[in-house]
Peer 1: 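My questions will all concern the structure given below.
Note that this is a predicted model, so its numbers are computed, not measured. The analysis underlying the following values was restricted to heavy atoms, covering all of them including side chains, and did not include hydrogens, waters or symmetry mates.
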Protein chains: 2
Amino acid sequence: MKHHRIHNFNAGPAALPAEVLEDVQQELIDFQGSGMSILEVSHRSRWFEDVLDDAIVRIKRLLQLGDRYEVLFLQGGASMQFCFVPMNLALEGKPVAYINTGTWSTKAIKEAEILGKDVRVIASSQDLEFTYIPQDFQVPTDSSYLHITSNNTIRGTQWRNFPQGVKAPLVSDMSSDIFSRMFDPTPFGLIYAGAQKNAGPAGVTLVILRKDMLDRTPANLPTMFKYSTYAEKKSMFNTPPCFAIYVVWKVVRWIEEKIGGMEKMQALNEKKAQLIYDYLDSQDFYRGTASPESRSKMNVTFRLHKQDLESLFISEALAHDLGGLKGHRSVGGCRASIYNAVSVESVETLIQFMKEFARRNA
Amino acid sequence: MKHHRIHNFNAGPAALPAEVLEDVQQELIDFQGSGMSILEVSHRSRWFEDVLDDAIVRIKRLLQLGDRYEVLFLQGGASMQFCFVPMNLALEGKPVAYINTGTWSTKAIKEAEILGKDVRVIASSQDLEFTYIPQDFQVPTDSSYLHITSNNTIRGTQWRNFPQGVKAPLVSDMSSDIFSRMFDPTPFGLIYAGAQKNAGPAGVTLVILRKDMLDRTPANLPTMFKYSTYAEKKSMFNTPPCFAIYVVWKVVRWIEEKIGGMEKMQALNEKKAQLIYDYLDSQDFYRGTASPESRSKMNVTFRLHKQDLESLFISEALAHDLGGLKGHRSVGGCRASIYNAVSVESVETLIQFMKEFARRNA
């Protein structure tokens with residue numbers, strides 16, 4: 001059956017691969033001959049445990065994590081991790097360092113402050129409305145960790161290269177660019193990601209934890225706030241968000257088996273970003289808002305030269321089956337989120353529409 | 001297409017109504033003409049907001065909550081609420097009262113203790129292995145709240161009537177019997193329920209909060225730990241677990257539109273429970289383990305007279321498409337969970353099988 005599908009440029013929840021959705025639909029009522037939906041099987045059944053185990057194996061392989069890391073599935077989104085990180089990883093009497101690159105970093109910093117930690121914001125791009133990634137900063141040598149936001153969905157900026165030579169473990173919110181590119185995990189003590197951009201649906205948060213970080217867990221934390229609880233019970237101290245984990249499993253399988261792995265995934269993402277940024281730089285009707293050296297390959301933020309045409313642009317685009325192009329409500333303008341599941345063809349269709357819209361409204 | 005489906009007696013995640021699963025499957029790829037899956041739409045789109053709003057309206061109507069209560073959708077399961085409740089509702093200098101009716105109550109008590117609250121366990125059925133619901137207890141008059149577990153999945157007991165005349169607001173974990181029967185919400189300050197038994201899939205926790213409880217929220221809690229955060233933003237401070245909420249919406253619609261409301265839902269549940277308990281009481285091959293006056297209408301726990309036949313019973317049942325009959329790993333034996341989505345026909349099929357198995361193994 002052919003379904004009506006739009007080109008989905010949503011910032012998150014965002015597009016999922018069509019093959020994944022078709023698979024989920026096909027097996028929704030009888031999962032692998034169990035006579036039950038994946039929504040109905042026990043989390044302690046082999047049906048679900050096989051899904052969980054294979055998801056972990058594939059995530060470790062895609063990100064080249066090896067045995068030094070735990071792959072955990074939590075709930076509450078990245079916002080919950082803004083609290084969990086300082087609760088679990090701040091060392092007694094030592095500061096926690098943050099770099100502020102926008103709304104999400106700001107929220108992460110706020111929670112560390114509420115928790116009474118010695119917070120050092122060692123760099124910020126707030127002076128230019130978070131349109132760039134700071135390059136100059138000094139990390140206090142006794143820092144518990146250095147927290148960054150690898151990709152900033154609202155202003156469309158991204159760390160191209162992660163901080164080098166930092167003694168403290170890096171902690172990164174990678175909600176919006178995990179699985180989009182290859183990187184060396186070694187400097188990271190912890191990576192977290194709400195799944196609903198590149199990894200799956202809303203409702204599960206990936207936490208990738210270097211095992212030595214578990215030694216830091218304070219003994220007196222409530223059980224459900226401790227990373228060690230999830231690590232000791234393979235994310236099944238209590239019932240995990242089974243369906244969301246199942247879709248994440250489908251997505252990482254898709255990256256490995258349909259796309260062909262992280263290298264090819266990254267190449268596709270670079271191609272899409274180049275297509276759209278090249279077009280933005282070739283004309284004056286639209287203008288990219290992020291500083292070129294800090295541009296995100298996931299979220300392309302732009303304005304129209306005539307800003308009063310922006311709402312017309314967004315609504316006409318939707319009439320052409322190009323959805324999700326409205327900028328974040330806090331900043332306005334336009335944004336095309338081109339996550340893993342957005343095809344090169346969708347990006348080409350968008351650029352074609354942008355050209356026509358510019359011609360008609362010149 | 002006809003699917004292979006078993007009779008699903010899982011304790012949770014558990015059976016969902018076939019009509020709900022068929023609906024979800026049918027619209028999985030193109031939700032209501034949006035050209036997107038419900039897994040891909042923005043939580044701030046009208047597609048999702050309409051789902052959320054209608055789910056809240058229906059839940060309020062089913063439980064007769066009126067305007068005094070907030071209906072919230074959180075993450076982390078009931079286990080996370082074991083922490084949230086004392087953090088949010090314990091009053092400075094006043095004790096928190098708990099009645100211990102089993103594993104889940106014990107865990108709730110433990111978290112209140114970790115948080116340093118003045119915990120008073122005012123009654124417990126631990127003396128008889130949690131096979132009954134205590135009826136005699138005194139609640140300290142200055143208690144912040146009285147916490148109970150309305151239904152105990154592991155030992156198969158249930159509060160038939162909730163505590164009367166208690167000055168402190170009642171707080172109940174209703175994970176395993178919400179939407180199974182009618183009750184007066186008035187004495188309850190807070191009700192929470194992991195959805196994965198009667199309300200939907202794993203991955204969302206219903207929190208029903210009497211609005212005056214919000215005044216208790218301590219100012220210095222991390223943002224994501226405060227009930228007020230969820231109440232102020234209609235559960236959308238950050239991205240909620242959209243798909244799980246969507247399935248909850250389908251389930252409450254099913255109760256209203258297919259079953260015909262709570263009164264009929266309760267009558268069906270009573271009928272199923274009576275069928276199986278009447279059979280248990282009519283013979284000696286099987287033996288119900290809960291004290292008769294405290295028997296759960298959701299989880300029927302039983303043993304075989306010859307306990308060495310139990311694993312054969314469970315495996316032969318599965319071969320007859322009767323699944324999920326193994327007792328909780330902490331207590332062994334057998335258990336038939338007969339939640340809302342388990343039909344009278346499934347219960348009759350189970351009883352028929354039990355009779356035949358008893359005859360063959362007499």
Peer 1: Among B/Glu40, B/Met224, B/Arg5, which residue has the highest count of heavy-atom pairs closer than 4.5 Å to chain A?
Peer 2: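 Of B/Glu40, B/Met224, B/Arg5, B/Glu40 has the most heavy-atom pairs under 4.5 Å with chain A.
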Peer 1: Among A/Gly116, A/Ser42, A/Ser34, which residue has the highest count of heavy-atom pairs closer than 4.5 Å to chain B?
Peer 2: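 Top option by heavy-atom pairs under 4.5 Å: A/Ser42.
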Peer 1: Quick check on A/Leu21 against chain B: is it the side chain, the backbone, both or neither that has a heavy atom closer than 4.5 Å?
Peer 2: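 Contact with chain B: backbone and side chain both.
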Peer 1: Decide, yes or no, whether a salt bridge links A/Glu27 with A/Lys250 under the criterion of side-chain N to carboxylate O below 4.0 Å.
Peer 2: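 Yes, A/Glu27 and A/Lys250 are salt-bridged.
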Peer 1: Report, by ascending residue number, the residues of residues 323-340 of chain A in heavy-atom contact with chain B at a distance under 4.5 Å; give 'none' if the set is empty.
Peer 2: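 From residues 323-340 of chain A, the residues near chain B are A/Arg329.
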Peer 1: Just one of B/Phe48, B/Phe73, B/Phe31 clears the ring-ring contact (aromatic ring centres under 6.0 Å, His included) bar with B/Tyr246, so which one?
Peer 2: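 When ring-ring contact (aromatic ring centres under 6.0 Å, His included) is applied between B/Tyr246 and each of B/Phe48, B/Phe73, B/Phe31, only B/Phe31 qualifies.
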Peer 1: Go through A/Ala78, A/Pro222, A/Ala244 and name the one with the most non-hydrogen pairs under 4.5 angstrom from chain B.
Peer 2: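 Max contact count across the listed options: A/Pro222.
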Peer 1: For chain B, find which of A/Ile6, A/Asn238, A/Ile29, A/Asp30 contributes the most heavy-atom pairs closer than 4.5 angstrom.
Peer 2: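 Looking at each option in turn, the highest pair count goes to A/Ile29.
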Peer 1: The criterion is side-chain contact (heavy atoms from CB on, under 4.5 Å); which residues satisfy it with B/Thr229, sequence neighbours excluded?
Peer 2: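 Only B/Thr223, B/Lys226, B/Phe237 meet the side-chain contact (heavy atoms from CB on, under 4.5 Å) criterion with B/Thr229.
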Peer 1: Would you tell me whether B/Asp177 and B/Asn198 have side-chain atoms, one donor and one acceptor, within less than 3.5 Å of each other?
Peer 2: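 The criterion, which ignores hydrogens and geometry beyond distance, is not satisfied for B/Asn198 and B/Asp177.
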Peer 1: Of the backbone (N, CA, C, O) and the side chain (C-beta and beyond), which part of B/Leu221 lies under 4.5 Å from a heavy atom of chain A, both, or neither?
Peer 2: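 Backbone only.
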Peer 1: Side chains of A/Val251 and A/Leu16, heavy atoms from C-beta outward: is any pair under 4.5 Å?
Peer 2: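 Side chain of A/Val251 against side chain of A/Leu16, heavy atoms only: contact under 4.5 Å found.
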Peer 1: Under 4.5 Å heavy-atom distance to chain B, tell me which part of A/Phe82 shows up: side chain, backbone, both or neither.
Peer 2: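 When you check distances to chain B, no heavy atom of A/Phe82 falls under 4.5 Å.
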Peer 1: Where on B/Pro86 is there a heavy atom nearer than 4.5 Å to chain A: the side chain, the backbone, both, or neither?
Peer 2: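 Answer is neither: B/Pro86 stays 4.5 Å or more from chain A.
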Peer 1: Would you check if the distance from the ring center of A/Tyr230 to the ring center of A/Tyr227 is below 6.0 Å?
Peer 2: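 Ring-ring flag for A/Tyr230/A/Tyr227: false, centres at least 6.0 Å apart.
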Peer 1: Using heavy-atom distances under 4.5 Å, tell me whether A/Glu111 contacts chain B through its side chain, its backbone, both, or neither.
Peer 2: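 Looking at A/Glu111, just its side chain touches chain B.
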Peer 1: With heavy-atom distances below 4.5 Å as the criterion, would you say the side chains of B/Met236 and B/Leu52 are in contact?
Peer 2: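 B/Met236 vs B/Leu52: side chains touch.
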Peer 1: Any side-chain heavy atom of B/Glu49 within less than 4.5 Å of one from B/His43?
Peer 2: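 No, side chains not in contact.
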Peer 1: Relative to chain A, which segment of B/Gln196 carries a heavy atom at a distance below 4.5 Å: side chain, backbone, both, or neither?
Peer 2: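 Just the side chain, heavy atoms under 4.5 Å.
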Peer 1: Let's go through B/Thr153 and B/Trp104 carefully: what are the C-alpha distance in whole Å and the side-chain angles of both, what is the deciding distance for side-chain hydrogen bond (donor to acceptor under 3.5 Å, both in side chains) to 0.1 Å, and is it a yes or a no?
Peer 2: CA-CA 9 Å; B/Thr153 51; B/Trp104 307 113; 3.0 Å; yes
Peer 1: Which one, A/Pro201, A/Gly77, A/Ala15, leads in non-hydrogen pairs under 4.5 Å with chain B?
Peer 2: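 It is A/Ala15.
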Peer 1: Can you label the angle between the B/Tyr192 ring and the B/His147 ring as parallel, tilted or perpendicular, going by 30° and 60°?
Peer 2: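 Answer is tilted, since the angle falls between 30° and 60°.
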Peer 1: Pick out which of A/Leu318, A/Leu322, A/Val347 makes a side-chain contact (heavy atoms from CB on, under 4.5 Å) with A/His7.
Peer 2: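 Of the listed residues A/Leu318, A/Leu322, A/Val347, the side-chain contact (heavy atoms from CB on, under 4.5 Å) partner of A/His7 is A/Leu322.
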Peer 1: Under a 4.0 Å threshold between the charged nitrogen and the carboxylate oxygen, would A/Asp23 count as salt-bridged to A/Arg253?
Peer 2: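 A salt bridge links A/Arg253 with A/Asp23.
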Peer 1: What option among B/Cys83, B/Gly76, B/Ala202 has the most heavy-atom pairs under 4.5 Å with chain A?
Peer 2: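 Most heavy-atom pairs under 4.5 Å with chain A: B/Gly76.
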Peer 1: Find the one option among A/Ala14, A/Pro241, A/Ala219, A/Gly203 whose heavy-atom pairs under 4.5 Å with chain B are most numerous.
Peer 2: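 Max contact count across the listed options: A/Ala14.
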Peer 1: Do A/Asp173 and A/Gln81 touch side chain to side chain, with heavy atoms closer than 4.5 Å?
Peer 2: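 Sidechains of A/Gln81 and A/Asp173: no contact.
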Peer 1: Considering only heavy atoms, which portion of B/Leu39 lies under 4.5 Å from any heavy atom of chain A: side chain, backbone, both, or neither?
Peer 2: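 Interface part for B/Leu39: both.
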Peer 1: Any side-chain to backbone donor/acceptor pair from A/Thr149 onto A/Asn152? Under 3.5 Å, distance only.
Peer 2: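 No, A/Thr149 side chain to A/Asn152 backbone: no donor-acceptor pair under 3.5 Å.
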Peer 1: Got more than 12 heavy atoms from elsewhere within 6.0 Å of NZ, A/Lys110?
Peer 2: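 No, because the 6.0 Å sphere around NZ of A/Lys110 holds 12 heavy atoms or fewer from other groups.
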Peer 1: Using non-hydrogen atoms and a 4.5 Å limit, figure out which bit of B/Cys242 sits close to chain A: side chain, backbone, both or neither.
Peer 2: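 Both backbone and side chain of B/Cys242 come within 4.5 Å of chain A.
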Peer 1: Tell me, for A/Asn10 versus chain B, whether the close heavy atoms (under 4.5 Å) come from the side chain, the backbone, both or neither.
Peer 2: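 Contact with chain B is through the side chain of A/Asn10 alone.
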Peer 1: Under a 4.5 Å heavy-atom cut-off, does chain A meet the side chain of B/Glu22, its backbone, both or neither?
Peer 2: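 Contact with chain A: backbone and side chain both.
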Peer 1: Taking every heavy-atom pair that is under 4.5 Å apart, which of A/Ala18, A/Gly33, A/Gly35 has the most such pairs with chain B?
Peer 2: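 Maximum pair count with chain B is reached by A/Gly35.
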